[in-house]
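What follows is a set of notes on a single structure, which appears directly below.
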Amino acid sequence: MSYYLALIGTTDNPIYEAEMGTYRQGGDGVPKFSAEMKELNPFIVHAAIDIVEDVQWRSNSLYLKAVDEFYGYYISAFVTPGNIKFLLLHETKNDESIRQFFNDVNDLYVKTVLNPFYNVNDPITSAVFDLKVKQLGKKYL
Amino acid sequence: MDSNLSINNVLFYRSTGRDVTPLLQTLSCGEVGDKRSSEECKKLIVSAMSPQVCVYASEQADQVATKLQFHSLLQLLKPFGDRIEHKFQIKDSHFISKTIDEFSLRFVPPLEHMLSVQQAESGTKAQLFNYQSLELLMTEYIQLVDLELQKCGAEDKLMKRLLKKSIYVKFLTKLLASSSITSFESINQPVASFFFITGEESYEQARQMLIQYKSAKLPEYLSIDDIIPVFIIITDQANADQQEKSAQHREHIKKQLFVEAFVLSLDLNSNDDSVPSVVLNPPILCTVDEELQNTHLSSTPNPSLPTTNLTAIYQLLKDVIQKKLIPFMEKKITTWDEQVIVPRKSITGRLFNVSKKYFGSKRETNNELSENYNSELGIYRYNSTQTLTKKLADWSFMLRDYRYSYTTYELAKKDFLNDKAWTHLASASEMAAISLLMGAANITSKLKNDTIDPLMDNSNYTYLARCGLKTYALRSILVVSELFCNLRDTWSNAPTAIKWVQKALNDKLVTKTGKVVLLERIGYYYSICISAQAKAIMTRKLITEKSQDEMNDDEDVDFVNPLKLNIRNIATMGNTRQRKSALFKLIAARNWDPVSEPLQVLMCLQDTKTVYQGTVIGEREGGLLKRLQVASEDKLSM
């Protein structure tokens with residue numbers, strides 16, 4: 001199973017992207033998207049923003065569960081109070097662990113925003129952030 | 001010809017130098033969520049479900065057509081059937097009269113001829129069309145469109161969009177235009193037969209034609225009595241003697257053969273250019289095979305007719321429809337209604353049914369199932385209640401009494417389900433859904449979820465799984481999707497259309513070109529999927545933006561905080577599906593072949609520009625969008 005995570009800024013700009021594979025069920029943590037799917041991933045997630053913008057006003061919680069579907073792939077969404085969208089493309093529905101994953105990524109994101117040299121909507125280039133997200137992926141996904 | 005231009009013939013207009021501004025104007029007004037394309041498709045659907053008319057021509061009558069540079073009389077007539085503008089009066093099932101502005105007829109070859117061709121081609125299980133032929137036709141059409149696109153300058157944006165749009169319309173038309181006769185689709189069974197003879201021919205010849213026609217062997221599900229014969233006598237306008245003779249003829253035919261006859265006086269002798277003449281449009285509703293034949297074997301590419309003949313033929317068709325065809329259909333509808341519907345709905349009829357159900361012996365109930373239905377061939381006899389009910393529904397559909405046709409289809413459906421007559425059931429469910437959508441300006445979500453969706457599910461499943469009729473399933477899906485998008489509230493209805501088209505794609509009901517065309521169509525459906533408030537806001541914004549450009553007021557702001565976030569579309573956020581639309585356009589672009597159709601790729605990408613331009617994923621080097629763009633631009637510049 002493969003995952004594609006994107007944090008989307010307020011102007012639809014991706015501030016962080018990552019592809020991850022699962023370690024569950026004998027997986028080796030390497031994403032196995034087909035070539036066709038790989039190049040389309042950012043666009044699919046981008047299209048899901050339409051749905052997120054529709055759904056986000058109707059829910060009290062930050063985690064919106066699986067909002068969209070595209071040919072057997074689900075897109076789960078999490079919207080931070082600052083309207084940064086965390087979108088995860090995945091193959092099987094797994095609400096609870098994705099919720100925990102998003103919550104922990106949110107913690108990491110908040111820590112990034114606390115950095116006085118970081119402006120909202122800037123791409124996150126920190127290697128530590130990347131490493132920690134991957135670790136979270138290993139833990140939950 | 002008539003002032004009405006059809007998007008189907010846009011290539012033809014370009015080649016003959018016709019002015020297509022009216023068509024362009026429909027594109028130019030930049031309305032938000034413009035769904036005019038769907039409205040055009042609805043018109044097309046209405047005319048494709050119009051009465052079918054068989055054309056029988058005597059040898060001499062065909063010669064007249066040859067003289068006017070046509071292969072046959074059928075070819076001459078065909079373009080006229082597409083759209084006949086006149087205030088036609090139609091009475092519905094409650095005898096309330098209503099007026100419709102236009103009517104269509106589908107002219108087809110003689111019945112025996114069609115049946116034999118069909119038999120030779122595919123045996124009994126007839127698909128609507130051959131996938132390979134359609135693919136070939138579409139590929140050729142797209143090549144022609146590409147040529148035209150190359151001729152367009154950079155500033156002809158509207159023209160380009162029009163050409164692009166015509167591809168889908170062509171595809172849909174070809175699906176709709178099939179005239180194959182089957183037992184389960186009575187909408188494709190002829191309603192009238194027109195016999196064309198000339199004034200020169202004797203009464204005896206006319207009689208022979210009719211006898212031959214009446215004695216022809218028809219399949220069990222067709223009855224010659226349900227097809228109205230009409231004689232049309234062609235005379236020469238200049239020849240007074242002949243005209244007199246034909247008037248006599250007409251009376252004779254009426255009195256002796258009890259068949260209505262009309263006289264059509266044409267100008268047959270003016271072959272010179274002094275007479276004003278009009279180039280005929282190619283017929284819109286011709287089948288895939290016919291169109292292929294026309295493009296490959298055409299001897300006279302653009303036949304033209306003198307204006308006088310044109311008006312004469314239109315006048316004749318108007319007369320025949322108003323005086324003969326519509327009254328005949330109305331009369332039959334009333335008769336059948338009394339014959340099959342009233343007994344079922346009456347109290348005695350119901351009691352009888354119930355008593356039969358509970359008190360009848362077992363043998364009888366078994367018999368009841370197979371009484372009318374021949375399960376081996378899958379047909380009902382022409383005089384069975386079921387056939388008549390279905391036909392009644394179809395005919396009232398053709399006369400645009402959609403409410404009545406819906407209830408009748410529902411009645412027919414019950415019978416078909418009882419008899420396990422799958423093809424009939426699928427067709428009846430499909431038509432029931434179509435009549436519901438046809439008649440409504442808007443539908444409630446309850447009606448959609450509880451009635452239309454199950455109907456469509458049922459018909460689609462039955463077509464595919466039980467009957468293996470892919471083409472029918474595809475056609476019903478596209479028709480219903482277009483009709484859904486025609487409803488007023490596109491915000492809730494376009495997703496349903498998208499769902500169905502995606503199902504068609506998932507079930508692989510289309511070939512390569514069809515797939516791309518449908519992907520583009522999904523993109524269009526998403527683009528019209530806008531909630532009512534958002535539409536109002538965006539339209540207002542569009543107007544104010546225009547006026548602001550003119551005023552060009554520049555406010556002086558002393559201090560601008562560069563870090564302040566501005567949110568662009570707070571009012572319409574979440575109420576549009578523009579990004580989705582762009583995604584499907586992009587996927588369509590990827591499915592076009594950048595080597596052979598670079599122009600199509602670029603046009604698809606052009607449509608995504610409003611969404612992707614300036615964004616990170618759109619501008620990313622090596623990203624899908626850039627890759628496609630570069631590949632097709634390279635190909636073009638080569």
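Each chain gets a letter, A, B and so on, in the order its sequence line appears, and its residues count up from 1.
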Residue pair A:D54 / B:M573, side-chain heavy-atom distance below 4.5 Å: no
At a 4.5 Å cut-off on heavy atoms, which part of B:L505 comes close to chain A: side chain, backbone, both, or neither? side chain
What do you reckon, is NZ of A:K38 surrounded by more than 12 foreign heavy atoms closer than 6.0 Å? no
Check B:V616 against A:N13 and note the closest heavy-atom contact, atom names and distance. CG2-CB, 3.9 Å
Atom group of B:S581 that falls short of 4.5 Å from chain A, counting heavy atoms: neither
Greatest number of heavy atom pairs closer than 4.5 Å to chain B - which of A:I49, A:T10, A:N119: A:I49
Mind telling me whether B:Y612 and A:F43 have parallel, tilted or perpendicular rings, with 30° and 60° as the class edges? perpendicular
Measure distances from A:E17 to the heavy atoms of chain B and classify the residue's part below 4.5 Å as side chain, backbone, both or neither. side chain
Give me the contact list for residues 80-105 of chain A versus chain B, heavy atoms only, anything under 4.5 Å, ordered by residue number. A:N83
Would you indicate whether the side-chain heavy atoms of A:D12 and B:I617 approach each other to under 4.5 Å? no
Tell me whether A:E53 is salt-bridged to B:R579, with the criterion being a basic N under 4.0 Å from an acidic carboxylate O. yes
Using a cut-off of 6.0 Å, state whether more than 12 heavy atoms not belonging to B:K164 lie near its atom NZ. yes
NZ (B:K515) with more than 12 external heavy atoms under 6.0 Å: no
Atom group of B:L625 that falls short of 4.5 Å from chain A, counting heavy atoms: both
Can you find a heavy atom in the side chain of A:F70 that is under 4.5 Å from one in the side chain of B:L583? yes
For atom NZ of B:K499, decide whether the heavy atoms of other residues, nucleotides or ligands shown that lie under 6.0 angstrom number more than 12. yes
